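All chains are named by letter (A, B, ...) in the order of the sequence lines, taking the proteins before the strands, and each is independently numbered beginning at 1. Note that the structure is a prediction, hence the values are computed from the model and not measured.
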There are 2 protein chains.
Amino acid sequence: MKVTFKGDYALKAVLDLALHYNKELVTGHDLAQRIDAPIKFLEQVLLDLKKGGFVESRRGNIGGYLLSKAPVQITVGEIIRFIEGPTEPISCVRESYSNCTDIHRCVFKKIWQRVSQATSDIIDNVTFEDLVSQVNAGRQVLAYSI
Amino acid sequence: MKVTFKGDYALKAVLDLALHYNKELVTGHDLAQRIDAPIKFLEQVLLDLKKGGFVESRRGNIGGYLLSKAPVQITVGEIIRFIEGPTEPISCVRESYSNCTDIHRCVFKKIWQRVSQATSDIIDNVTFEDLVSQVNAGRQVLAYSI
DNA sequence: GTATACTCTACTTTGTCAATAGGAATTATA
DNA sequence: TATAATTCCTATTGACAAAGTAGAGTATAC
């Protein structure tokens, strides 16, 4: 698995929207500032997330973005796969792996499958509600320490 | 983690050399044919593997390549990291991850670290001796089934 | 000395990533 | 209705790496 800037922005954007879930709309401008992304690039990412059914939007004055599902219903794995594609370390399109007749090559395929499974076990079991809780817990620690 | 053709070729080359360990030298030509790689590209990979201390070579007529350590002493993880670099899904060079002061960003760093650890647990615990055994076991199955 | 093989460096092609740009469409509100 | 704020859509660019190509140079067995 590889995570590009695009995927990174997407995850941070969804987390920010999760933090504002059931509260207010978030404008692209504010979002871009908080997650430190170029606004025009972020707009494209948000458009993708919209097509993927993760995000909704309201146009015009006082418009903005919001999550289309509850944070508990969105996992990190869903976002990553949607933006980055399959998480396998090697593409199965590569013919020597999809059509695994030669034993020399087949042994590696098993390894990539194990890695892929281990990765999925992690990213598919973290929801954005989990992340919101972590952020809030972190904030409390910060508040106490002051 | 991402595995490019270069890494793929490197792994297959080392496996092929492992299958010939303590037997005979393997020429670049033969190697390229068996693992289905462009010879001139494979030569560069083998040169890298030599610099990394995994492979030795003999020049001239009846020259070729051989492993510089026993297959049991080489892991898949070593080869991958040497050829592809770090296995983390996201680069720690990205300042928001190396300098993790903002909680919004920090929660994802933990996930990438878990993925990275899970990946290492797999690839660092497979030696090329393991792979040789698998190949030989596969060959026996094939022999019986005929 | 010649065929065979590895060594080294440079180059090319192709594709993706990340960002930039500019306008079109939509909507609240003064 | 005009305007400001906002999302939507498409095109383009610059940088970089991945994958392969090329050719000359060096070593060695026979």
Side-chain angles (χ1 to χ4, degrees), chain A residues 1-13 17 20 24-33 35-52 54-68 80 83-86 89-91 93-96, chain B residues 1-13 17 20 24-33 35-52 54-68 80 83-86 89-91 93-96:
Chain A
M1 183 177 60
K2 198 186 94 188
V3 180
T4 65
F5 272 81
K6 190 178 177 186
D8 189 34
Y9 293 151
L11 290 170
K12 289 175 182 170
L17 293 179
H20 292 85
E24 63 270 335
L25 290 188
V26 177
T27 67
H29 176 266
D30 287 356
L31 198 42
Q33 228 168 11
I35 74 177
D36 193 30
I39 182 157
K40 295 300 273 180
F41 190 36
L42 182 60
E43 279 180 358
Q44 298 175 44
V45 177
L46 287 165
L47 224 48
D48 281 347
L49 289 173
K50 215 184 138 180
K51 286 176 192 157
F54 301 104
V55 162
E56 287 175 26
S57 61
R58 302 280 176 267
R59 298 226 274 197
N61 203 353
I62 67 162
Y65 299 93
L66 71 157
L67 284 192
S68 50
I80 285 286
I83 296 291
E84 308 280 5
I90 204 163
S91 172
V93 179
R94 208 166 291 181
E95 74 295 330
S96 60
Chain B
M1 183 176 61
K2 198 187 94 187
V3 181
T4 65
F5 273 81
K6 188 178 178 185
D8 190 34
Y9 292 150
L11 290 171
K12 289 175 181 169
L17 293 179
H20 292 86
E24 63 270 336
L25 291 187
V26 177
T27 67
H29 176 265
D30 286 357
L31 198 42
Q33 228 168 15
I35 74 176
D36 193 31
I39 183 157
K40 295 300 275 179
F41 190 38
L42 182 61
E43 280 179 354
Q44 298 175 42
V45 177
L46 288 165
L47 225 49
D48 281 347
L49 288 172
K50 217 184 137 180
K51 285 177 191 154
F54 301 104
V55 162
E56 288 175 26
S57 61
R58 303 279 177 266
R59 296 226 272 197
N61 203 353
I62 67 160
Y65 299 93
L66 70 158
L67 283 192
S68 51
I80 286 286
I83 297 290
E84 308 280 5
I90 202 163
S91 171
V93 178
R94 209 165 291 181
E95 74 294 330
S96 61

When you look at A:Leu25 and A:Ile62, which way does the side chain to side chain contact (heavy atoms under 4.5 Å, CB included) test go after all the steps? CA-CA 8 Å; A:Leu25 290 188; A:Ile62 67 162; over 6 Å; no

Side chain to side chain contact (heavy atoms under 4.5 Å, CB included) evaluation trace for A:Leu47 with A:Glu43: CA-CA 6 Å; A:Leu47 224 48; A:Glu43 279 180 358; over 6 Å; no

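- Listed for the B:Ser57 side chain is no donor-acceptor partner under 3.5 Å among the backbone atoms of B:Gly64.
- Side-chain proximity of B:Thr4 to the nucleotides D:dA19, C:dT27, C:dA19 is greatest for D:dA19.
- Between A:Gly7 and A:Gly60, it is A:Gly7 whose nearest contact on DNA chain C lies nearer the 5' terminus.
- The separation between A:Arg58 atom CZ and D:dA4 atom P is 25 Å, rounded to whole Å.
- Look at B:Ser57 and you won't find any side-chain N or O under 4.0 angstrom from OP1 or OP2 of C:dA5.
- Atom CZ in B:Phe5 sits about 6 Å away from atom P in D:dG20, given to the nearest Å.
- Distance CG (B:Leu42) to P (C:dC6): 9 Å, rounded to an integer number of Å.
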Could you walk me through whether B:Val55 and B:Leu66 satisfy the side chain to side chain contact (heavy atoms under 4.5 Å, CB included) test, starting with their C-alpha distance in whole Å, then the side-chain angles of each, then the deciding distance to 0.1 Å, before giving a yes or no? CA-CA 6 Å; B:Val55 162; B:Leu66 70 158; over 6 Å; no

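- Side-chain to base pairing of A:Lys40 with C:dG22: one donor and one acceptor N or O lie within less than 3.5 Å of each other.
- Under 3.5 Å, the side chain of B:Gln44 and the base of C:dC8 form no donor-acceptor pair of N or O atoms.
- The phosphate of D:dA19 has neither OP1 nor OP2 within less than 4.0 Å of any side-chain N or O from B:Tyr9.
- The interatomic distance linking A:Glu56 (CD) with D:dT7 (P) rounds to 14 Å, in whole Å.
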Let's go through B:Leu49 and B:Ile83 carefully: what are the C-alpha distance in whole Å and the side-chain angles of both, what is the deciding distance for side chain to side chain contact (heavy atoms under 4.5 Å, CB included) to 0.1 Å, and is it a yes or a no? CA-CA 8 Å; B:Leu49 288 172; B:Ile83 297 290; 4.2 Å; yes

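- An OP1 or OP2 oxygen of D:dA19 is reached within less than 4.0 angstrom by no side-chain nitrogen or oxygen of B:Lys6.
- Residue A:Tyr65 has a polar side-chain atom (N or O) positioned under 4.0 Å from OP1 or OP2 of D:dC8.
- Of the side-chain N and O atoms in A:Thr27, none sit less than 4.0 angstrom from OP1 or OP2 of D:dT7.
- Residue B:Phe41 contributes atom CZ, which lies 17 Å from atom C1' of C:dT7 at whole-angstrom precision.
- Per the geometry, CG belonging to B:Leu47 stands 15 Å off P belonging to D:dT26, to the nearest Å.
- Atom CG of A:Asp48 is separated from atom P of D:dT7 by 16 Å (rounded to the nearest Å).
- The CD1 atom of A:Ile39 sits 7 Å away from the P atom of D:dT7 (whole-angstrom rounding).
- Listed candidates were C:dC6, C:dT20, D:dC9. Nearest to the side chain of A:Glu43 is D:dC9.
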